[in-house]
S.K.: 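This is the structure I have questions about; it appears just below.
Chain identifiers are assigned alphabetically (A, B, ...) following the order of the sequence lines, protein sequences preceding nucleic acid strands; residue numbering begins at 1 within each chain.
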Amino acid sequence: MLDIKLFRTDPELIRKNLSKKFQEHKLPLVDAIIELDRQSREARTRADALRNRRNSLSREIGAAVAQGRNEDAERDKAQVMGMAKELADLETLEETLAAQVREKLMLIPNIIDPSVPIGRDDRENVEAERFGEPKAPAFEVPYHIDIMETFNGIDLDSARKTSGNGFYYLCGDVARLHSAVLSYARDFMIARGFTYCVPPFMIRGNVVSGVMSFTEMENMMYKIEGEDLYLIGTSEHSMIGKFIDTILEEETLPQAWTSYSPCFRREVGAHGIEERGVYRIHQFEKQEMIVVCKPEESPEWFVRLYRNTVDFFRSLDIPVRTLECCSGDLADLKVKSIDVEAWSPRQRKYFEVGSCSNLGEAQARRLGIRVRNKEKGNYFAHTLNNTVTAPPRMLIAFLENNLQEDGSIAIPAPLRPYMGGQESVTKG
RNA sequence: GGAGAAGUGGCCGAGUGGUCGAAGGCGGUUGACUCGAAAUCAACUGAGGGGUUCUGCUCCUCCGUGAGUUCAAAUCUCACCUUCUCCGCCA
């Protein structure tokens, strides 16, 4: 969501940005917004004048009544009532116009960072950097579910029976690996100065509609029957929601949080739930990071955030690369976004394990997350978020990359304390 | 689940129809005093928006949300939302 003032001062910037994002069909909206805003202000100015007149007359009536000048009071009352209709009509107009402006404003994408590569869709995303040599073992790497099954580590049949497709039972060492990865990720982020947080796993409807669009809400969120509560799709929802309609003291910034939560996603209209696998599922767990900071610091934080994920995966000996999201693939709210992808020795390609986004002030503007500043006036904070790791999916990369020829799984040193000191997991 | 109470500025808290955007206190900023932001004293200190001859002036809106009564609503009426306390139940 952009500042309406930008439409008054620099509409050309908005138009160019639309072209970069291949959303030329929204160009007429810009002129529509400018015109509606003009009408809106005009209505407001006229209504303000009438309200001013009404207020001063009301004060006079008060004084007249107090002094027993009833004729004066009655005369002024008649005057106020005489303009009541006009004012009521104007106020309706004000509301209608303001709502129209807001509605259209929501459709205009955020101004993207100059560094974002121009492209139409995800096929034009650009590889930025590789970390670690992609592994190509001499032996065949099985499908991740098959690897898990050799350890009796997954039971999808039972999960389908109890919960349906898109759920899983993780068992034994695989379940322990899952928890170990999360615990390690938590400590990894704490060591880097982030504050650990376990947030609510359900949030109210008004928070949901604040943090995402209506279609996103329909496609992602599970609603609790009979309650105004939704299961979170990521802890970012509760973590950012925590700041809704607050004015932060400047010295409390930056706020760097790492949060844990289960995540629930309906995945309607997405790519569907994977039949056999834990790549895309209805329920998973995730260690997340979010940052609320001053505008001038957000580009620097963006780099720090995705580097955390890269370093985390590298510490587990998993090769990764970063993929720059191109202009056309970038969600409307985002200024810049980069995916972290892990290497799959089985598929011999990288696949997404995390996504880092800088939302600029767009999210903060929408949610009313401001920073107090007496000299310059209060301003909107910048918000960012990034995945540390989401284990069911990251386990795919973990198992494939650490699989030994004898079928055992090597446990990289940093993870061993969380696995009872084991150096490897073997078939039992 | 049952009963009761309450929602006011960064925080606490007064305010039951007109000069109330709102007493008082805390916190904060600035100044005086001082070796010293320890104490004391003084001034200032909510948010959003419009207009403008623009770093000033001015106007409008906001006291949980929405509707209503009235010339006029923080204050009266109705509905809703939320929170708290006690009892019951339970990890």
S.K.: Can you identify which nucleotide, out of B/rG48, B/rA72, B/rG51, has its nearest atom closest to the A/R44 side chain?
M.R.: B/rG48
S.K.: Does a side-chain N or O of A/N378 approach OP1 or OP2 of B/rA47 to a distance below 4.0 Å, or not?
M.R.: yes
S.K.: Heavy-atom nearest nucleotide on RNA chain B for A/R8 versus A/A49: which residue maps closer to 5'?
M.R.: A/R8
S.K.: Is the count of non-hydrogen atoms from other residues, nucleotides or ligands lying under 6.0 Å from A/M106 atom CE greater than 12?
M.R.: yes
S.K.: Between B/rC90 and B/rA6, how far is it from one C1' atom to the other, in whole Å?
M.R.: 27 Å
S.K.: For A/R41 and B/rG51, is the shortest distance between a side-chain N/O and OP1 or OP2 below 4.0 Å?
M.R.: yes
S.K.: Rounded to whole Å, how long is the line connecting atom CD1 of A/I247 with atom C1' of B/rG27?
M.R.: 15 Å
S.K.: For the residue pair A/F312 and A/Y184, is the inter-centroid distance of their aromatic rings smaller than 6.0 Å?
M.R.: yes
S.K.: For RNA chain B, whose closest nucleotide is more 5', that of A/Y379 or that of A/A47?
M.R.: A/Y379
S.K.: Measure from CD on A/E249 to C1' on B/rA47 and round the result to the nearest Å.
M.R.: 14 Å
S.K.: What residues in residues 59-98 of chain A put a non-hydrogen atom under 4.0 Å from any atom of RNA chain B?
M.R.: A/I61, A/G62, A/K77, A/V80, A/M81
S.K.: Just to confirm, is there a sub-4.0 Å distance from OP1 or OP2 of B/rG10 to any side-chain nitrogen or oxygen of A/R370?
M.R.: no
S.K.: Looking only at atom C1', what distance separates B/rU75 and B/rA14, rounded to whole Å?
M.R.: 13 Å
S.K.: Taking A/Y279's backbone N and O only, do any of them form a donor-acceptor pair with A/R393's side chain (distance below 3.5 Å, no angle check)?
M.R.: yes
S.K.: How far does the C1' atom of B/rC33 sit from the matching atom of B/rU53, given to the nearest Å?
M.R.: 44 Å
S.K.: How long is the line joining CG of A/N55 and C1' of B/rC20, in whole Å?
M.R.: 13 Å
S.K.: Ring-plane angle category for A/H282 and A/F167, please: parallel below 30°, perpendicular beyond 60°, tilted otherwise.
M.R.: tilted
S.K.: In Å, rounded to the nearest 0.5 Å, how long is the span from CD of A/E124 to CG of A/D329?
M.R.: 10.0 Å
S.K.: Which value, in whole Å, describes the distance between the C1' atoms of nucleotides B/rA73 and B/rU65?
M.R.: 16 Å
S.K.: Rounded to the nearest 0.5 Å, how far does CG of A/N386 lie from CZ of A/F302?
M.R.: 8.0 Å
S.K.: Once you round it to whole Å, what is the distance between C1' of B/rU45 and CZ of A/R372?
M.R.: 10 Å
S.K.: Distance check: side-chain N/O of A/R53 vs OP1/OP2 of B/rC71, anything under 4.0 Å?
M.R.: no
S.K.: If I pick the P atom on B/rG31 and the same atom on B/rA67, what distance separates them, to the nearest angstrom?
M.R.: 47 Å
S.K.: Please give, in whole Å, the distance from B/rA47 P to A/F380 CZ?
M.R.: 13 Å
S.K.: Could you walk me through whether A/Y230 and A/H237 pass the side-chain hydrogen bond (donor to acceptor under 3.5 Å, both in side chains) test, one step at a time?
M.R.: CA-CA 10 Å; A/Y230 293 78; A/H237 296 155; over 6 Å; no
S.K.: Just wondering, are more than 12 heavy atoms of other shown residues or ligands nearer than 6.0 Å to CZ in A/R120?
M.R.: no
S.K.: Apply side-chain contact (heavy atoms from CB on, under 4.5 Å) to residues A/D72 and A/Q67 and explain how you reach the verdict.
M.R.: CA-CA 10 Å; A/D72 290 352; A/Q67 294 163 20; over 6 Å; no
S.K.: Among residues 197-212 of chain A, which ones have heavy-atom contacts with RNA chain B below 4.0 Å?
M.R.: A/R204
S.K.: Check whether any side-chain N or O of A/S238 sits under 3.5 Å from a backbone N or O of A/P200 as a donor-acceptor pair, and report yes or no.
M.R.: yes
S.K.: Within this structure, what is the CG-to-P distance between A/D245 and B/rG10, rounded to whole angstrom?
M.R.: 11 Å
S.K.: What stem regions, each of at least 3 consecutive Watson-Crick or G-U pairs below 3.5 Å, can be found for RNA chain B?
M.R.: B:1-7 with B:81-87, B:10-12 with B:24-26, B:27-32 with B:40-45, B:46-52 with B:56-62, B:64-68 with B:76-80
S.K.: What is the distance, to the nearest angstrom, from the CG atom on A/L248 to the P atom on B/rG28?
M.R.: 18 Å
S.K.: Taking only the P atom of each, what is the distance from B/rA5 to B/rC78 in whole angstrom?
M.R.: 15 Å
S.K.: Between B/rA37 and B/rG27, how far is it from one C1' atom to the other, in whole Å?
M.R.: 15 Å
S.K.: Within the distance-only criterion (no hydrogens, no angle test), does the side chain of A/R186 pair as donor or acceptor with the backbone N or O of A/Q287 below 3.5 angstrom?
M.R.: no
S.K.: What is the distance, rounded to the nearest whole Å, between atom CZ of A/R54 and atom P of B/rG18?
M.R.: 16 Å
S.K.: What's the gap between B/rC20 and B/rU30 when it is taken at their P atoms, as a whole Å value?
M.R.: 31 Å
S.K.: Judged by atom type as modelled, is there a donor-acceptor pair below 3.5 Å linking the side chain of A/T258 to the main-chain atoms of A/Y196?
M.R.: no
S.K.: Between A/L231 and A/I224, is there a side-chain heavy-atom distance shorter than 4.5 Å?
M.R.: yes
S.K.: Looking at B/rC59, I'd like to know if its phosphate oxygens (OP1 or OP2) sit under 4.0 Å from a side-chain N or O belonging to A/N52.
M.R.: no
